[in-house]
Amino acid sequence: MKKIIVVSIISTILVILSFCAVNSAIVQQQKSKQREIANTLLQYSENLSLSVASTLKSMTSQGCDKESIDNYRKVKLDSLYFSDIGFVQKGKILCTAFWGKLTTPILLPNELHRTPNGFTLVQFSQKNFFTGNAAIYNNIIIFTSRYAYDKFIPVTASYSLNSTTKDFRRTFFTASPSSENRSWLSSKLFTLTITKCSSTWDLCVTVKHNDAGLASLSVVVFILLGAVLYFIWFSLLLFTIRLYEDRFSLERTLVKAVKANAFEVNYQPIIRTYDQKIIGVEVLSRWRDTNHMHISPEFFIPLIEKLGLYDEYYTHIMRKAFSEISSLITEHQLLISLNVGRTEIEDKTFSKVLHRECLLNNIPLSLIKIELSEKAVASEGILEEFCKELKSIGVKISIDDFGVQNSNISRLAKLEYDEIKIDKSLVDGISENYKQDIFIIFCDALMKLNKTLVFEGVEDHIQYDFIASRYPHSLIQGWYFSKSLSKNELNNILSPLQR
């Protein structure tokens with residue numbers, strides 16, 4: 001129960017972090033569109049400012065005479081951006097194109113904003129006269145149309161738009177989405193704001209997305225996303241914990257198995273090709289765990305090495321194999337093959353341990369064969385010394401897994417050995433014409449070394465017949481003759497075959 005609670009809490013935290021990642025991804029996409037809107041709004045506002053400024057500077061009419069008012073009206077009609085044009089003197093609007101000459105001049109508002117370009121910006125809120133923004137230059141005032149930004153109204157369904165002076169004290173245009181369009185998740189946390197300012201005019205635009213990121217999702221989509229994320233994280237965490245528990249349990253069981261010497265030893269018969277006689281066996285370790293059933297050596301041996309129990313494990317396997325079949329070895333003069341790796345090759349005491357176990361079980365060293373890979377150690381010197389030491393006490397040497405990866409024939413010339421084991425991956429190519437040609441070239445070259453060839457993984461009569469016809473004095477291993485056997489199975493199979 002505690003495990004489920006912990007997994008639930010961690011899953012919840014991971015879902016929150018996942019939501020943050022999803023929110024960030026959505027925001028990045030929305031930013032791109034938001035920048036595009038901001039650039040469009042800024043460009044439009046700059047064009048509007050340029051139009052007003054150019055018109056103000058080009059105006060030659062001054063005053064409120066009929067000719068001047070007619071000229072104001074003509075300019076107003078030529079521009080969609082302008083609501084009205086008038087004349088200002090001593091802080092009062094005396095006439096405009098729309099109102100004509102005013103009976104009562106209109107006072108300018110008290111708050112005036114002067115731009116670096118020399119223009120004066122005014123904001124009116126007189127319902128009976130004008131509501132909106134205006135710009136003054138050289139006594140001419142232009143009132144901008146309240147409909148100038150109407151093209152941006154559709155955008156405000158999702159965004160708040162503002163066009164202001166750079167100090168944000170004067171607003172030219174502002175629009176926001178209605179409260180009905182706001183997301184159920186609206187908050188400052190999901191508000192995305194982008195501001196861009198003009199390099200030419202006293203002008204900035206702000207585009208605000210009030211429902212950015214996750215807030216842009218519907219309630220249904222948000223709940224479904226949360227449920228999917230929670231399920232994924234909960235499942236992954238539970239799987240990881242169970243995997244760790246299984247591995248930890250396996251490690252503890254493996255330690256006990258090594259201490260109790262609970263590994264089984266099987267024996268893979270080695271067959272002489274021309275008469276199909278068993279002339280030796282290869283020692284293979286097997287482990288059957290009560291919880292995990294049969295565990296592959298490719299899995300448990302590296303784990304034993306990691307646990308630092310390999311020396312003890314290997315000694316147990318050697319001792320058990322020798323004690324189980326010592327009588328069969330001497331009776332039938334069988335070679336017993338032991339696989340060694342880097343640990344044994346670099347262990348200075350290996351030959352002494354091997355010698356001792358052979359003496360204890362009355363097994364001649366001449367019936368021992370050590371199988372090693374020429375790639376087991378990086379240093380050629382260590383491998384050469386190891387082979388030389390074993391050969392000096394009468395042990396036979398077999399080069400295992402030859403043909404895998406970067407096997408090196410030239411390196412073999414420096415080693416003392418008796419046979420070469422051809423890997424199953426090459427034997428499998430016998431059934432395919434182009435691979436068979438490669439196989440022949442490879443094996444014929446090895447035959448010139450005058451060493452015994454051992455073919456691993458022979459599984460059908462096609463492979464056997466081919467090897468028997470071309471390399472009759474070779475040795476073979478594989479399921480075509482026999483799988484790996486227990487001591488009793490080996491004893492049963494030896495008697496009738498050796499008559």
Side-chain angles (χ1 to χ4, degrees), residues 266-284 296-299 301-302 335 337-342 345 369-380 382-384 386-387 391 396-484:
N266 280 12
Y267 307 92
Q268 175 73 52
I270 300 173
I271 312 295
R272 190 163 56 201
T273 304
Y274 69 82
D275 61 1
Q276 299 185 12
K277 180 180 179 181
I278 298 176
I279 57 91
V281 291
E282 180 181 351
V283 175
L284 302 171
S296 169
E298 293 179 356
F299 180 79
I301 290 178
L335 284 170
S337 295
L338 299 171
N339 287 283
V340 299
R342 180 172 184 168
I345 294 172
K369 182 168 64 177
I370 297 299
E371 297 188 10
L372 55 87
S373 168
E374 92 268 25
K375 297 295 181 182
V377 291
S379 172
E380 292 183 5
I382 294 175
L383 194 59
E384 290 171 23
F386 181 77
C387 292
K391 289 292 290 180
K396 293 179 173 55
I397 302 293
S398 177
I399 305 301
D400 197 12
D401 298 328
F402 203 78
V404 176
Q405 296 181 346
N406 300 317
S407 296
N408 193 332
I409 294 179
S410 64
R411 190 173 184 181
L412 294 181
K414 301 177 182 179
L415 301 177
E416 294 186 32
Y417 64 97
D418 301 279
E419 67 180 37
I420 301 173
K421 296 191 76 172
I422 308 301
D423 189 71
K424 182 182 184 299
S425 60
L426 285 173
V427 174
D428 288 341
I430 290 175
S431 304
E432 302 177 41
N433 289 335
Y434 77 98
K435 288 186 179 180
Q436 187 182 100
D437 294 338
I438 296 172
F439 177 84
I440 292 171
I441 294 170
F442 185 75
C443 293
D444 285 355
L446 292 178
M447 284 292 291
K448 294 178 181 179
L449 298 174
N450 295 318
K451 305 294 182 181
T452 302
L453 296 185
V454 182
F455 296 95
E456 294 186 284
V458 177
E459 296 182 349
D460 57 50
H461 72 90
I462 295 174
Q463 294 173 345
Y464 170 74
D465 291 344
F466 181 85
I467 293 170
S469 63
R470 195 169 185 92
Y471 310 105
H473 296 287
S474 64
L475 305 176
I476 59 174
Q477 285 180 258
W479 281 32
Y480 178 63
F481 286 97
S482 174
K483 60 173 183 162
S484 59

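This one's a predicted model, so the numbers in the text were calculated from it and none came from an experiment.
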### Message
Please enumerate all residues that pass salt bridge (Lys or Arg N to Asp or Glu O under 4.0 Å) together with Asp465, with sequence neighbours excluded.
### Response
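So Asp465 forms no salt bridge (Lys or Arg N to Asp or Glu O under 4.0 Å) with any residue.
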For the [atom1] atom of [X] and the [atom2] atom of [Y], what is their distance to the nearest 0.5 Å?
X      : Y      : atom1 : atom2 : answer
Leu475 : Ile270 : CG    : CD1   : 7.0 Å
Ser474 : Lys421 : OG    : NZ    : 12.5 Å
Leu284 : Asn266 : CG    : CG    : 7.0 Å
Asn339 : Leu372 : CG    : CG    : 9.0 Å
Ile462 : Ile467 : CD1   : CD1   : 12.0 Å
Phe455 : Leu426 : CZ    : CG    : 9.5 Å

Closest approach of [X] and [Y], non-hydrogen atoms and distance?
X      : Y      : answer
Ser469 : Pro472 : O-CD, 4.4 Å
Gln477 : Pro269 : CG-O, 3.6 Å
Ile397 : Cys387 : CG2-SG, 4.1 Å
Asp400 : Glu456 : OD1-OE1, 3.4 Å

### Message
Quick one, Ile278 with Phe481, criterion side-chain contact (heavy atoms from CB on, under 4.5 Å). Give me CA distance, side-chain angles, the key distance, then yes/no.
### Response
CA-CA 10 Å; Ile278 298 176; Phe481 286 97; over 6 Å; no
### Query
Do Tyr464 and Glu459 meet the criterion of a side-chain donor-acceptor pair at a distance under 3.5 Å?
no
### Task
Give a yes-or-no answer on whether the side chains of Gln268 and Lys483 include a donor-acceptor pair shorter than 3.5 Å.
no
Does a side-chain heavy-atom distance below 4.5 Å link [X] with [Y]?
X      : Y      : answer
Ile271 : Ile279 : no
Leu415 : Glu384 : yes
Asp460 : Trp479 : no

#### Entry: Pairs where residues 428-442 contributes a residue and the test side-chain hydrogen bond (donor to acceptor under 3.5 Å, both in side chains) is met, not counting sequence neighbours
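Output for this query lists Lys424-Asp428.
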### Query
When you check the gap from the basic side-chain N to the acidic O, do Lys391 and Glu416 get nearer than 4.0 Å?
no
### Query
Would Leu335 and Lys396 satisfy side-chain contact (heavy atoms from CB on, under 4.5 Å), going step by step from the backbone distance to the final call?
CA-CA 9 Å; Leu335 284 170; Lys396 293 179 173 55; 3.9 Å; yes
### Query
Does His461 have any ring-ring contact (aromatic ring centres under 6.0 Å, His included) partners at least two apart in sequence or in another chain, and if so, which?
none
### Task
Tell me, please, which residues at least two apart from Ser482 pass side-chain hydrogen bond (donor to acceptor under 3.5 Å, both in side chains).
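Listed in chain order: nothing, the list is empty.
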### Message
Once side-chain hydrogen bond (donor to acceptor under 3.5 Å, both in side chains) is applied, do any residues pair with Glu419, and if so which ones, sequence neighbours excluded?
### Response
Lys369, Ser398
Give every donor-acceptor pair under 3.5 Å between a side-chain atom in residues 439-454 and any protein atom, sequence neighbours left out.
from, atom 1, to, atom 2, distance (Å)
Asp444, OD1, Tyr471, OH, 2.8
Asp444, OD2, Arg470, NH2, 3.0
Lys451, NZ, Tyr417, O, 3.0

